[in-house]
Amino acid sequence: MLAKCIHSGPGRVFVGIAGFLVIWEAIARFGLGTGTFFPRLDSLLPAFARLLHQPETWEGALLTMGRAIAGLAVAMLVTAFMAALATLWRPAYRSFEMLSDMAQTVPPAALVPLMIFAVGLGAPMFITIVAFASIWPLYAATATGLAATEPVQLLVSRALGMSRTEQILYVRAPAALPSIFTGLRVAAGFSLMATIAAEMLSGDRGLGAQLYDYAFSLNVPEMYSTLFIIGIAGASMNAAQQLLEKVLLDWHFGQMKSAEK
Amino acid sequence: MTRLVHANLPGFVLLVGLLAVWEIATFGVNSPNAPDIFRVVAAFSINARMIAGELALTLARAGIGLAIAVVTMIIAGLVIGRVTVIRNIVVPIIELLRPIPPVAIAPVAMLFAGTGSSAKIAVIVYGCAFPVLINTIDAVRSIHPLYTLVASSFGMSRRQTMIAVDLPAALPRILVGVRTSVALSLLMSVVSEMILSSDGLGNLIIVAQQRYEIALEVAIIGVIVAVGILISLAWNHIERRLIGWHYGYLGRNG
């Protein structure tokens with residue numbers, strides 16, 4: 001239902017932004033009216049525009065999104081390997097189940113100090129932490145998706161003389177794509193969150209570090225503006241993914257529609 | 001324990017294998033910077049009392065934050081799901097706020113509430129709110145219209161319908177969201193303590209980092225994993241109590 005609301009176009013976005021700004025101004029004026037911690041729009045919007053004109057903001061946004069996407073890419077590679085192994089060999093499926101149950105409880109932020117110590121600041125640290133954070137939802141969705149292929153399709157592929165590897169590539173993987181994309185959506189959210197957390201804790205540039213600096217130097221309008229820029233970065237990652245999903249899963253949505261009729 | 005081992009033998013083999021690799025890799029090094037299993041266990045037992053105290057704080061905040069988020073967001077979700085006017089305004093705002101990662105809220109919470117418990121609880125509430133809220137709205141929207149019609153032919157008011165019809169009918173879906181939030185609450189609690197450090201397990205990680213006590217850091221992460229798994233097992237029991245009657249639950253687990 002929510003997904004349908006998003007798809008219904010730019011009108012919703014305007015409603016959202018307008019509603020948000022009205023509520024914001026109302027709170028700033030009448031609610032938490034101190035004004036310093038909850039700036040009114042007349043000081044917030046100029047700060048936002050100023051940040052958009054600074055090259056540092058764009059560099060930070062590129063860095064943050066680059067780290068998130070690089071970590072996500074590594075997570076996808078590892079997931080592909082793990083899920084293929086899990087589909088070919090049952091004990092692997094069972095043991096990864098346990099590994100993922102345990103690993104999901106590790107807060108990615110808790111790895112930041114360890115990783116800084118092990119590999120130092122820089123891209124490898126971010127990519128490892130982001131990949132670790134986003135791999136588990138992706139793996140869970142991929143493994144269940146691969147396992148849930150329709151038996152008839154598997155029988156047909158066997159009748160056509162496909163090997164098990166071919167079966168994974170040409171039958172199971174396409175059938176699992178909708179499920180994989182669901183996992184990817186969750187994983188993308190996790191990847192941005194892990195990036196921001198790692199940047200805040202390590203102080204190594206990026207939007208997370210900028211947000212932290214603005215907050216602790218009490219540049220309140222800049223802090224909120226950075227927060228919204230992070231939100232925009234997240235939203236554009238979502239949008240890119242929905243676009244990819246639409247291109248790759250056109251056949252699936254077509255099927256859903258004809259099933260509804 | 002033996003039942004657990006039998007339940008997932010390959011899992012335990014992998015786990016023991018990974019621990020063995022770690023032990024072999026670090027055994028020869030014999031340095032506090034690359035602690036082996038024994039160093040980590042030693043660090044745990046020396047600091048057990050301190051870890052337990054900080055863990056209690058971390059769990060208390062996670063529990064309070066989770067409870068606030070679940071109660072308010074189920075109520076909000078029931079209302080938003082049923083009242084079209086509110087939904088048309090609120091849902092786009094939710095979609096705007098949702099891409100902001102909850103950790104990024106920590107500095108904002110700090111401005112309003114300092115680095116005390118309430119700031120951390122605010123971060124946990126924010127992080128746990130969205131899964132519950134979104135699942136509740138979706139669940140209420142997908143309740144079969146017949147239920148509502150029956151309720152109105154019984155002469156139930158809108159509020160009565162929400163409590164007696166919508167809530168139980170939406171509960172299985174709502175609990176999917178709550179499950180996500182239960183796991184998130186512990187993670188958010190630790191992360192908020194790391195960023196707004198003053199006490200709790202998250203702060204202990206930072207302290208251990210500053211003292212270069214790598215073994216203690218690994219021990220704390222181990223404690224978090226153990227507690228996280230216990231919470232997840234406990235939640236399975238609660239879920240069975242709450243929606244054991246539901247066919248979807250039976251289909252998944254029975």
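Letters A, B, ... mirror the listed sequences (proteins, then strands); counts begin at 1.
- Contact annotation for F20(A): both backbone and side-chain heavy atoms come within less than 4.5 Å of a heavy atom of chain B.
- Under the 3.5 Å distance criterion, with hydrogens and angles disregarded, no donor-acceptor pair is assigned to the side chains of T57(A) and Q210(A).
- When V191(B), L201(B), L14(B) are compared by the number of non-hydrogen pairs under 4.5 Å with chain A, L14(B) comes out ahead.
- Using a 4.0 Å cut-off between a side-chain N of Lys or Arg and a carboxylate O of Asp or Glu, E193(B) and K120(B) do not qualify as a salt bridge.
- In terms of the salt bridge (charged side-chain N to carboxylate O under 4.0 Å, His left out) criterion, residue partners of E97(A) (sequence neighbours excluded) are, by chain and number, R94(A).
- Neither the backbone nor the side chain of I231(B) comes within contact range of chain A, judged by heavy atoms closer than 4.5 Å.
- Chain A forms the most heavy-atom pairs under 4.5 Å with one residue out of L18(B), V190(B), V108(B), V90(B), and that residue is V108(B).
- S179(A) contributes a side-chain N or O that, together with a main-chain N or O of A141(A), makes up a donor-acceptor pair within less than 3.5 Å.
- In this structure, chain B has heavy atoms under 4.5 Å from both the backbone and the side chain of L114(A).
- Residues W24(A) and Y224(A) place their aromatic rings such that the two centres sit under 6.0 Å apart.
- Between the side chain of T64(A) and the backbone N or O of A61(A), no donor-acceptor pair lies under 3.5 Å.
- For the options L111(B), I105(B), I100(B), heavy-atom pairs under 4.5 Å to chain A are most numerous at L111(B).
- In this structure, the portion of L15(B) lying under 4.5 Å from any heavy atom of chain A is its side chain and not its backbone.
- In this structure, chain A has a heavy atom under 4.5 Å from the side chain of L97(B), while its backbone stays farther away.
- A distance of 6.0 Å or more separates the ring centres of Y139(A) and F81(A).
- Looking at I229(B), both its backbone and its side chain come within 4.5 Å of chain A, counting heavy atoms on both sides.
- Neither the backbone nor the side chain of A183(B) comes within contact range of chain A, judged by heavy atoms closer than 4.5 Å.
- The contact between I23(A) and chain B is made entirely by side chain atoms (from C-beta outward), counting heavy-atom distances below 4.5 Å.
- The existence of a salt bridge linking R141(B) and D166(B) is excluded, since no basic side-chain nitrogen approaches an acidic carboxylate oxygen closer than 4.0 Å.
- M110(B) touches chain A through its side chain: at least one heavy atom from C-beta onward sits under 4.5 Å away, while N, CA, C and O do not.
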